[in-house]
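Remarks on the structure that follows.
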Amino acid sequence: MSKSLLAVVLILTGAAPAHAAEADAVRVCPVKPTVVLVHGAWADTSSWAGEVQELQRSGYTARAIGNPLRDLTSDAQTVRDFLNTVQGPVVLVGHSYGGSVITNAATGDPDVKALVYVDAAAPAAGENTMQLSGQGSALGGKPETLYDQTAAPGTSAKDLYLKKDVFQNSFGQDLPKTRSAELWAGQRAASTAAFMTPSKEPAWKTIPSWYFIASGDKIIVPESQRAMAKRAKSKVTEFDGGSHLALVSHPEAVTRVIEDAICSLR
């Protein structure tokens, strides 16, 4: 007997609580696309570990790919080049700055059937990622209080690392301190050029989109995300609590939104 069927039997017989079925239930959608996940700044592919596990458990092919974090135009080209290796339909997911990347990478790609923004930026043409953090964002302070900065080799840009207190108290404040300290220690630098490059024609104009917004996000504030979701005509899910790293702290909730996008495909 499968785990999901066993859970249902246990509930019907009164031997298990209802949430057991929710934990073990596997959604069956009519189309099985490849889910491509693009991480944001100060992160890496491991940000998506929980979502990859959930999606694979449901029988989907999920690929979390490296985002160079160098420049929006070249980062989007990196993702576009990867998409060209994927056969069949794609659901493209972006977190944070990764939202700007998927907005540019998917434009004109007929295989990308849905976009999912997770606490992300979804810029219009001409906008840059930095201006979309919103009023009250923790990134609105003086750079010297937010970042450890180094020279970006070969450019006039700076490489930015979030300071520990910003990372733990504003970036991933809902994570245990030991976990956020580990993630802070392993963060990848993001170039200032990545945040300042103007976006090009947005894919959300022609591709259906979904938006996961954590109410506890202090990096791209919920008000800014709601405005971007509204103009993109996205289907919005608001999560009560969380942080900018809700994809790490609440992967099941994020995966449900990704599966909503998957199940829309016909």
Side-chain angles (χ1 to χ4, degrees), residues 2-5 7-8 18-40 43-67 79 83 86 88-99 101-102 106 112-122 172 174-176 179 183 204 207-217 219-220 222 225 229 232 234-266:
S2 69
K3 288 178 67 180
S4 57
L5 180 56
V8 171
H19 62 73
E22 295 173 3
D24 286 330
V26 174
R27 293 174 68 178
V28 178
C29 302
V31 178
K32 291 282 188 180
T34 298
V35 181
V36 177
L37 304 122
V38 180
H39 65 81
D44 59 22
T45 57
S46 67
S47 302
W48 295 112
E51 287 80 3
V52 168
Q53 182 180 40
E54 291 287 322
L55 290 164
Q56 289 181 342
R57 176 173 170 267
S58 296
Y60 298 108
T61 298
R63 301 290 303 273
I65 63 171
N67 182 357
V79 174
L83 293 175
V86 178
V90 170
V91 171
L92 188 57
V93 186
H95 170 247
S96 190
Y97 165 70
V101 174
I102 69 171
V112 178
K113 304 300 184 183
L115 303 170
V116 182
Y117 293 93
V118 179
D119 292 320
D174 67 330
L175 292 166
R179 178 62 173 145
L183 294 174
W204 48 255
I207 301 174
S209 59
W210 281 253
Y211 228 109
F212 175 98
I213 303 172
S215 68
D217 195 334
I219 300 298
I220 305 178
Q225 294 187 55
S234 303
K235 299 172 181 65
V236 176
T237 296
E238 295 215 18
F239 182 83
D240 186 16
S243 69
H244 193 62
L245 289 183
L247 79 166
V248 177
S249 55
H250 299 283
E252 299 88 354
V254 172
T255 301
R256 283 196 293 272
V257 175
I258 296 171
E259 289 184 334
D260 287 343
I262 292 171
C263 286
S264 74
L265 305 187
R266 296 294 183 267

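Just the heavy atoms: all of them, side chains too, but no hydrogens, waters or symmetry mates, feed the values below.
Residue P89 comes nearest to K113 through the heavy atom pair CB-CG, 3.8 Å, listed as atom of the first residue, atom of the second, then distance. The two atoms that bring Y60 and V31 nearest to each other are CE2-O, 4.1 Å, heavy atoms only. A pairwise comparison of heavy atoms in V90 and V36 identifies CG1-CG2, 3.9 Å as the closest pair. When all heavy atoms of E259 and C29 are compared, the pair lying nearest together is O-SG, 4.0 Å. Heavy-atom minimum distance, D119 versus A246: OD2-CB, 3.7 Å. Residues Y211 and A121 share a closest heavy-atom pair of OH-C, 4.1 Å.
In this structure, the separation between CG on D260 and CD1 on I262 is 9.5 Å, given to the nearest 0.5 Å. To the nearest 0.5 angstrom, Y117 atom OH is 6.0 Å from S209 atom OG. Atom-to-atom distance recorded for I102:CD1 and L83:CG is 10.0 Å, nearest 0.5 angstrom. From N67, atom CG reaches atom CG of L37 across 12.0 Å, with rounding to the nearest 0.5 Å. Note that CD of E51 and CD1 of I258 are 5.5 Å apart. Values are rounded to the nearest 0.5 Å. Atom OG1 in T61 sits 9.0 Å away from atom NZ in K32 (nearest 0.5 Å).
Without hydrogens or angle criteria, Q225 side chain to I220 main chain gives a donor-acceptor distance under 3.5 Å. Looking at S215, its side chain does come within 3.5 Å of a backbone N or O of G241 through a donor-acceptor pair.
Counting heavy atoms from C-beta on, the side chains of F239 and V257 never come closer than 4.5 Å. Contact annotation: the side chain of H95 approaches that of L245 to within less than 4.5 Å [non-hydrogen atoms, C-beta and beyond]. Contact of the F212 side chain with the V116 side chain is not registered, since no non-hydrogen atoms from C-beta on lie closer than 4.5 Å.
Within the structure, every pair that satisfies the side-chain hydrogen bond (donor to acceptor under 3.5 Å, both in side chains) test and touches residues 236-248, not counting sequence neighbours, is listed here: S96-H244, D174-S243, D217-H244, R226-E238.
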Might you work through the side-chain contact (heavy atoms from CB on, under 4.5 Å) test for L92 and I207, ending with a clear yes or no? CA-CA 10 Å; L92 188 57; I207 301 174; over 6 Å; no
